[in-house]
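All chains are named by letter (A, B, ...) in the order of the sequence lines, taking the proteins before the strands, and each is independently numbered beginning at 1.
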Amino acid sequence: MRWVIVLAVLVMVVSLAATGSAQQKLKAGFIYVGPIGDYGWTHAHDQGRRIAEKTVAGLETVYVESVPEAQAEPFIDKLVQQGAKVVFTTSFGFMDGTLAAAKRHPDVIFAHASGFKRAPNMATYMADFYQVYYLNGLMAGALTKSGKVGYVGAFPIPEVKRHIGAFALGVRAVNPKATVHVRWIFEWFKPAAAKEATAALIAEGVDVLAFTEDSPTVVQEAAKRKLASFSHYSPMQKFAPQHTVSGQLVHWEKIYVDFLSKVQSGKYTAKNLQDVDYWWLLAEGAVELGGDFGVPINPAYKSRLQAAKVTTPDLGRLSVYDLVMKRQAQMADPKMMFDPFTGPIKDRKGVMRVAAGKRMTVGELNTMEWAAPGIVGPWAKEP
Amino acid sequence: MKRFGPFHIEPVQAPANSWVLTVSVAAVIAAFVAAGAIFWAFGINPLNAYAVIFVGTLTDRRATPEILRQTIPLLLCGLGLVVAFRAQFWNIGAEGQLLAGAVGGTAVALFLPLPGPWHLAAMFVVGCAAGVLWGLLPALLRIKLDVNDVITTLMMNYIALFFVEWLVHGPWKGQTARGFAYTDTFPATAWLALIPGTRVHWATLALGLTLAGLLAFFLARTRLGFEIRVLGENPLAARYAGINPLKTIVVAMIVSAGAAGLAGVGEVAGIHHKLLAPDQISLGYGYAAIIVAWLARGSPLAAVLTALFLGLIFSSGDVMKVALQMPFRITDVFNGLILFFLIGSERLLYYRVRWAPGQAVPDPSR
Amino acid sequence: MIEYLLDTVVRAIAVGTPLLWAGLGEIYAERAGVVNLGVEGMMILGAFFAFAVAHTTGNPVVGLVVAGGVGGIAALLHAFVAVTLRANQYVSGLALAMFGIGLTGVLGRGWEGVPLLATLPEISALNYLSVVAAAGLWFVLYHTRAGIVVRSAGESPAAADALGVNVYVVRYLCVIFGGVLAGVAGGFLSVAYRPSWTEGMTGGAGWIAIAIAIFAGWNPLKAIWGAFLFGALYYLSFRLQTWIPPELLRMMPFAFTILVLAATAGSRRGEGAPEALGLPYVSGQR
């Protein structure tokens, strides 16, 4: 009899210990700059949050949407008060507020998206598209008949500028005379503005479009006129199945799961984040080529891209379709055998910006203001 | 006069303060009940929701100073509007005048380096003047050409908005802002001190409270204040009394636009320490200030309370977002309902209910 | 050059049509003497309900009808407060605008990003209908007895009352009419122009409609050219971006409104505001 009791106690103790370590409850808070319904940046972060919540055992999440920049701190305080041990702030404008809050809550872990200031308990993270935009550019260069490609840009900040730059470099790699026409709408999310900007670009003769705006407007507008476009951020191919060539997709959950798992396992603490900076690209699976998940190139455009041939310095003569797949493989390789921003690159004014044989550093990419050759249109603060 | 049994409802000229308070409170409660219906539609028990909101807003040590912080611009703009509305100058442009003040303050902060406390003082002076300048055109058009001031002040809001956008995207874009739409951060001499542990820039708050006292005195005891009150209540009588409407409207404009300009300086010097996108500087303070002024029913001192109340509403909106995970627009729903019920209850102010059970004889004046 | 102009005209019509619908409604409301600052709220309510109903029923026209109805109901509230309760019209309108924006933001959650298949073409008969409607409303206003009744309610309600016009009813009807048109205008945005729902999607169009009403001197025919001018300027702010800062172009409609107001003020009668605009009317002694 005694043995049964001892055994039962042992089983209980072991199972308790097991559940204890497997179910470390962790509460994470998310501060969003826009509404989760925006089908762009905030929507993607929220999708990442949901997937992380399902994937990471014991994780519970809370979020606040449409937080004005000046109110990052009070909302962070509210989340911490609700028991959040990790707080993600998802916009550049939250940077100073997050830093101040990090100082006031030294035992809470913070991670700030798209920023550059860090602290022992504050890391930074970013999933960037520039490689994917280069691949999009290759395709755009092949598909444009008028030689004019369009881009509807949100704000002339380095992030968008480097995306347009990578896109233009891709376009020119296939079509050295093509031009990339840019129009700015000065909003992240303004379907009406995107619509009129698209109309303005089309009126100028562009026949392929890419954009940075958090709605499928550009895709739909282009499709109405039977023009090709590249989806942005969320899978927008379903809005124009015959006219979306490819696009850029993001998997914020890759970063969230990695970060939160490391917090849970104790690898990340509130003291050692000073140098933690995620700059995740194709190689880490944080971004993906395609207008829909798992569809890097729309089959409707496959034959046209296979028919277009281009000569490259390192891969010889091949179809654009093959070039895109090869470049993607090169960039997704952890050794990153190819980078679009490899010199020599001059900007559109002829000034040398990247020396021969050198690649732009992450710091340079984050502060990029110059315009790549082929870009036509207003370019604020052009050096 | 109408009679319902022992209750007599009679019109009154000047309602008693207690009655005004009762009606206002009843209107606000009615608005809360209506908003409760929206909570209920969202599957949230309204009573529970309100409990959470009040607890979260009033008892949270961290959150209470935030109420004060939101109150500051509401107070300054609201005070100005109290005077403007008294003079029947319908200044809907507080939003734009706030932005103008922010621009003026930024100009001094970034381009006019002055030593120590002079820097901030200059910012406030220039910001106030910028606000006044912004209100000048609508006021002049009203005086000289009798152009509707509601529309002109409203249009100036939009012009101010695009002007600020142009500045932060173009000529004033910061060198250190990584290309984002901000100006450079202000130098240390242009930062307003905060109450430690909070984000309340107390100098602006003190400015607001002082202004409340000054305006109360101004309206009640000075001749100009008297003229404003008469012009507002009875323009015909004012004309017969020889009151110059031009002068009074200009004064009303200067006070309201200047106060809004001060609020703008407070925001950029106390909270943001730079100029940024207009919808980040003002979270609709200029429009909410209309409610502040309206609720205050013409009294600058009452505006202090009503500004606090609106600050509470703004803060509770934040609590709703976090604790109840409600969409952020819920604050607008509250504000709209409160304003609407207040307006709807205006008529009630001019009646009073008298209890007189003994009167059985019908009133011949009926 | 011709292409440029034609292209601009087409875009102007696309952008300007909802502005015209809402502007026409506001003209009638103000002609009867009631300022409705709640147009933005009514438009966005219309936009949401049109989208939701069109999505649910699969019929965009039904969506527009419901949108008009919702706008009318909101306007009814405004009319009640402004005409029967004789309270401050400006504040009542503002309250409704705030409420409308807030309510749609709350109700619209979950509708964002939903694709709408039951849409109307961007430029369709409805756009041309707006011009026809403007002409028709102009005719009614200036050349029929009904129009005189409406105008008298706004110019001198006491005289109209003495002649047997029920000023209250006229004002109610005109305000509700304005609300219905504002709702339809909003519905047009979410079902035809940009088939989608996003909170705050009217983006100030309601305020522009009010500006158009004034810019046009409360004349429905002039509202046509006002609405399309605003539309053209919006489009051109993108087209001309290489040469002119877009913020400057987008400022222009608002600056223009002030200019026009200043220019037409005090000029011959019929151009200025209705005399009794914004003033509550009391019939006889009550």
For C/H78 versus C/V34, what's the shortest heavy-atom pair and its separation? NE2-CG1, 3.8 Å
Checking [X] against chain C: side chain, backbone, both or neither under 4.5 Å from a heavy atom?
X: B/F163; answer: both
X: B/W166; answer: both
X: B/E346; answer: side chain
X: B/L137; answer: side chain
X: B/I92; answer: side chain
X: B/L141; answer: side chain

Does any backbone or side-chain atom of C/L77 lie under 4.5 Å from a heavy atom of chain B? Answer side chain, backbone, both or neither.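 Interface part for C/L77: both.
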Sort C/V81 into side chain, backbone, both or neither according to what part of it lies under 4.5 angstrom from a heavy atom of chain B.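 Only the side chain of C/V81 comes within 4.5 Å of chain B.
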Spacing of B/L98 atom CG and B/C77 atom SG [to the nearest 0.5 Å]: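 Between B/L98 CG and B/C77 SG, I get 5.0 Å after rounding to 0.5 Å.
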Heavy-atom pairs under 4.5 Å with chain C, option from B/F341, B/Y158, B/W294 with the top count: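 It is B/Y158.
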Residue, of C/V35, C/L103, C/V91, that accumulates the most heavy atom pairs under 4.5 Å with chain B: C/V91
Distance-only donor-acceptor hits, side chain of residues 283-291 of chain B, under 3.5 Å, sequence neighbours excluded:
residue, atom, partner, partner atom, Å
B/Y285, OH, B/Q70, OE1, 3.1
B/Y287, OH, B/N157, ND2, 3.0

Classify the angle between the aromatic ring planes of B/F334 and B/Y50 as parallel (below 30°), tilted (30 to 60°) or perpendicular (above 60°).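 Correct class here is perpendicular.
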Parallel, tilted or perpendicular: which one describes the rings of C/W111 and C/F51, with boundaries at 30° and 60°?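 Answer is perpendicular, since the angle exceeds 60°.
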So, do B/R297 and B/L342 sit near enough that their side-chain heavy atoms are less than 4.5 Å apart? yes
Examine the side chains of B/N91 and B/T153 and answer whether a donor and an acceptor come within less than 3.5 Å of each other.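 There is no such pair (donor and acceptor under 3.5 Å, judged by atom type) between the side chains of B/N91 and B/T153.
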